[in-house]
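Data block below; observations after.
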Amino acid sequence: MHALKVTRAEDFPEWYQAVVREADLAELSPTRGSMIIKPWGYGIWERIQSELDRRIKETGHENYYFPLLIPLSFIAKEADHVEGFAKEMAVVTHHRLKAIDGVLKPDPEAELAEPFIIRPTSETIIGDAFSRWIKSYRDLPLKLNQWANVMRWEMRTRMFLRTAEFLWQEGHTAHVDEADAMDETMLALEIYRSFAEDFLAIPVVAGEKPENERFPGAVRTYSIEAMMQDGKALQAGTSHYLGTHFAEAQNIRYQDKDGAQTLAHTTSWGVSTRLIGGVIMTHGDDDGLRTPPAVAPRQIVIVPMLRGKPEDADLKAYCAALAKELGALTVFGSGLRAFVDVKDAKPADKRWDWVRRGAPLICEIGPRDAANGQVTFIKRNALREGEKIKSHTLARADFVAQARQLLEAMQAELFAEAKTRLEANIRADFETFADLERHYGTEDKEGEFKGWVRVCWSRPTGAALEEVGERLKALKLTIRNAPLAQPAAFGKCVFTGAPAVEEILIARAY
RNA sequence: CGGGGUGUAGCUCAGCCUGGUAGAGCGCCAGCUUUGGGAGCUGGAUGUCGCGAGUUCGAAUCCCGCCGCCCCGACCA
């Protein structure tokens with residue numbers, strides 16, 4: 001009997017919802033399209049924040065903070081940018097409420113002269129500041145980052161994957177020229193790749209987005225793409241080289257060494273709470289989430305087998321001492337997070353709560369363990385042997401000595417499992433569009449696992465690319481990216497038969 | 001915003017066709033029993049049946065409108 005009522009195989013979207021609820025990650029809020037992130041889910045985000053923040057600072061960036069509200073006129077400054085975001089904007093138009101016929105409404109007499117938009121991203125207001133901060137080549141590069149909430153009025157929302165309001169980090173930088181800005185763009189992409197793989201145990205493919213998938217206003221957009229357990233792709237991070245588009249629109253110029261006024265080259269890059277959706281769909285199983293140890297808010301949870309008797313006190317003391325000893329250890333670069341669950345509930349229920357949340361190591365310690373100086377535990381990533389729960393027992397001193405290694409091994413095992421799945425499910429033997437049609441079909445069962453394909457193409461642009469997009473759309477496919485790692489020679493374009501110049505990944509996507 | 005589904009207790013759902021005092025299981029609370037693993041027995045609490053307006057003596061049930069959620073499409077981190 002599994003801890004969730006629905007399995008991945010039966011109904012993947014339902015299973016996803018079940019994990020979010022049963023692992024106590026988040027719930028819907030009264031605010032349409034926005035969610036309440038609960039402690040276990042927010043704890044994962046806090047771990048993501050602190051580690052990513054460290055890596056961002058380590059590479060020469062500083063944090064700052066811009067306002068939530070942006071003057072409406074700002075968004076209009078870059079043409080592609082407006083087109084990309086205008087359709088999903090929340091607008092603030094009044095500054096006062098008034099009871100009209102007993103109903104509170106925006107006071108018609110309190111309409112703002114210029115409305116504000118709630119930021120969907122901050123390029124425009126940050127560009128405005130950059131134009132004032134940057135005067136000389138000596139001011140460059142300018143490498144800044146902010147942690148913020150943003151809002152995009154999405155038609156259809158899904159917990160963590162696409163919500164109207166979401167949390168993210170947005171890096172914005174300015175440079176003297178394209179070469180320097182491109183170095184920065186690729187640096188950010190590499191930060192995301194290594195972070196996703198090392199810390200979230202999510203293997204990804206880093207590459208460049210095709211022209212039609214670029215960020216509005218970008219010259220080049222790069223992404224990391226992860227494979228979910230239903231074979232669909234999740235864009236888990238993006239990095240953009242913006243060229244001089246925003247510099248032109250907002251007059252970001254510096255005086256170069258020869259005294260000339262020169263346009264700066266800018267970049268922007270971000271990852272969001274969507275990463276948590278990626279963690280769920282990469283590592284979850286039919287018993288709930290398996291939280292990668294590096295981001296688990298609690299890495300070792302100790303459940304004492306309390307029986308409501310006097311000897312409980314000894315058992316609690318034993319568990320508290322064990323937690324303290326574990327807490328003094330260091331793992332993944334910070335203090336080990338151990339927790340004793342003394343909630344007045346049945347031990348079996350507590351165990352399953354932690355299984356669903358995906359605490360990496362769950363210790364179940366009874367009086368006999370305490371008396372013998374041992375620790376009985378289950379490993380969340382290898383919970384079962386057949387249908388039965390597999391438990392392990394170690395002498396207490398050995399458990400403490402091995403705790404760090406157990407967590408590191410689990411992190412590595414989760415990554416290896418996902419990496420194997422990714423590599424086993426990218427087909428690279430398709431040469432024509434007919435091969436794609438045969439593989440993905442049009443009549444296939446909804447949600448059937450299809451994986452990704454890696455094919456050659458001639459990189460058409462403009463109308464020709466539009467047509468490629470339409471043909472793929474008929475199969476519910478999109479081009480994810482052109483991986484950075486490319487072979488030396490190419491075959492023929494699957495779309496046109498012309499000589500190819502690049503390999504691309506094609507997949508169904510979130 | 002278009003197509004499909006759905007909305008009844010904290011959760012999963014029955015009841016609706018054929019109108020007549022609101023149900024089950026799980027969970028929750030209390031007591032007792034049990035105690036190395038998702039326990040048993042007994043008792044108990046919990047609902048403006050998504051919202052609004054109709055038809056009717058009477059609406060969870062029929063009609064109309066609106067809204068939320070889920071899936072698909074369009075759009076996107």
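Predicted model, so just to flag it, every value in this text is computed and none were measured.
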- Query: Can A:K209 and A:E225 be counted as an ion pair, charged N to O under 4.0 angstrom?
  - Reply: yes
- Query: Starting at CD of A:E154 and ending at P of B:rG68, how long is that distance when rounded to a whole Å?
  - Reply: 15 Å
- Task: Could you state the atom-to-atom distance from CZ of A:R119 to C1' of B:rA77 in whole Å?
- Result: 15 Å
- Would you indicate which nucleotide in B:rA77, B:rC72, B:rC76 comes nearest to any side-chain atom of A:R274? B:rA77
- Will you find, in the side chains of A:R119 and A:N149, an N or O donor that is under 3.5 Å from an N or O acceptor? yes
- Message: I'd like to know if the side chain of A:E123 pairs up with that of A:S268 as donor and acceptor (distance under 3.5 Å, no hydrogens or angles considered).
- Response: yes
- Are the charged groups of A:K388 and A:E385 less than 4.0 angstrom apart, N to O? no
- Message: Using Watson-Crick or G-U wobble geometry with both distances under 3.5 Å, which nucleotide pairs with B:rA74?
- Response: none
- The side chain of A:R158 lies closest to which of these nucleotides: B:rC75, B:rC72, B:rG38? B:rC72
- Task: Select base, sugar-phosphate, or nothing to describe what A:H240 touches, counting heavy atoms under 4.0 Å on all strands.
- Result: nothing
- Note on the structure: Per-nucleotide protein contact along nucleotides 5-10 of chain B, 5' to 3', at a 4.0 Å heavy-atom cut-off (B base, S sugar-phosphate only, - neither), is ------
- Which sits closer to the 5' end of RNA chain B, A:A236 or A:R356, going by the nucleotide each is nearest to? A:R356
- Task: Could you please name the partner base of B:rU34, counting Watson-Crick and G-U wobble pairs only when both distances are under 3.5 Å?
- Result: none
- Message: Can you measure A:Y16 atom OH to B:rC69 atom C1' for me and round it to whole angstrom units?
- Response: 16 Å
- Message: Does A:P347 reach a base, just sugar-phosphate, or nothing at all? Heavy atoms under 4.0 Å.
- Response: nothing
- Task: Sorted by first residue and then second, give each salt bridge (charged side-chain N to carboxylate O under 4.0 Å, His left out) pair with at least one member in residues 359-378 of chain A; sequence neighbours left out.
- Result: A:R351-A:E364
- Message: How would you summarise protein contacts on nucleotides 24-36 of chain B per nucleotide, using B for base, S for sugar-phosphate only and - for none, with heavy-atom distances below 4.0 Å?
- Response: -----------BB
- Note on the structure: Among B:rA77, B:rG37, B:rU12, the one nearest any side-chain atom of A:R21 is B:rU12
Throw together a table of side-chain donor-acceptor distances under 3.5 angstrom for residues 153-163 of chain A, partners on residues two or more places apart or in other chains.
| unit_1 | atom_1 | unit_2 | atom_2 | d |
| --- | --- | --- | --- | --- |
| A:T163 | OG1 | A:E165 | O | 2.8 |

- Evaluate the criterion side chain to side chain donor-acceptor pair (under 3.5 Å) for residue pair A:S122 and A:E170; output intermediate values, then yes/no. CA-CA 8 Å; A:S122 303; A:E170 51 179 322; 2.7 Å; yes
- Atom CZ of A:F160 to atom P of B:rC70: distance rounded to whole Å? 14 Å
- Message: What's A:L275 touching, base or sugar-phosphate or nothing? Going by heavy atoms closer than 4.0 Å.
- Response: nothing
- So, do A:W15 and A:H2 have ring centers that fall under 6.0 Å from each other? no
- To the nearest angstrom, how far is A:E88 atom CD from B:rC1 atom P? 15 Å
- Item | Charged N-O contact under 4.0 Å between A:D285 and A:R8 | no
- Task: Can you sort out the partners of A:W457 under ring-ring contact (aromatic ring centres under 6.0 Å, His included), two or more places apart, ordered by chain and number?
- Result: none
- Note on the structure: In Watson-Crick or G-U wobble terms, with both distances under 3.5 Å, the base opposite B:rG44 is B:rC28
- Take atom CZ of A:R508 and atom C1' of B:rC72, then tell me their distance rounded to the nearest Å. 12 Å
- Task: Taking only Lys NZ, Arg NE, NH1 and NH2, and the carboxylate oxygens of Asp or Glu, determine whether A:R384 and A:D287 approach each other closer than 4.0 Å.
- Result: yes
- Message: Parallel, tilted or perpendicular, judged at 30° and 60°: which one describes the rings of A:F377 and A:H392?
- Response: parallel
- Query: Taking CZ from A:R156 and P from B:rC76, how many angstroms apart are they, rounded to a whole number?
  - Reply: 14 Å
- Evaluate whether the aromatic ring of A:F166 and the six-membered ring of the B:rA77 base sit under 5.5 Å apart, centre to centre, with an inclination under 30°. yes
- Item | Watson-Crick/G-U partner (both atom distances under 3.5 Å) of B:rU6 | B:rG68
- Query: Rounded to the Å, how far apart are A:Y192 OH and B:rA77 C1'?
  - Reply: 11 Å
- Which base sits across from B:rA53 as a Watson-Crick or G-U pair, both distances under 3.5 Å? none
- Query: Of all the nucleotides listed (B:rG37, B:rG38, B:rC72), which has the minimum atom distance to the side chain of A:R351?
  - Reply: B:rG37
- Item | Listed nucleotide nearest any side-chain atom of A:K473, set B:rA39, B:rA74, B:rA77 | B:rA74
- Task: Determine, for A:R55 against A:E51, whether the closest basic-nitrogen to carboxylate-oxygen distance falls under 4.0 angstrom.
- Result: yes
- Go through B:rC71, B:rA77, B:rG38 for me and flag the one nearest to the A:Q17 side chain. B:rC71
- Task: Using the ring of A:Y510 (Phe, Tyr or Trp, six-membered ring only), decide whether A:R274 places NZ or CZ under 6.0 Å from its centre and within 45 degrees of its axis.
- Result: no
- Query: Of A:G237 and A:G33, whose closest RNA chain B nucleotide lies nearer the 5' terminus?
  - Reply: A:G33
- Message: With a 3.5 Å limit on both atom pairs, tell me what B:rG23 is paired to, counting Watson-Crick and G-U wobble, or say none.
- Response: B:rC13
So which protein nitrogen or oxygen atoms get under 3.5 Å of nucleotides 40-44 of chain B's nitrogens or oxygens?
none

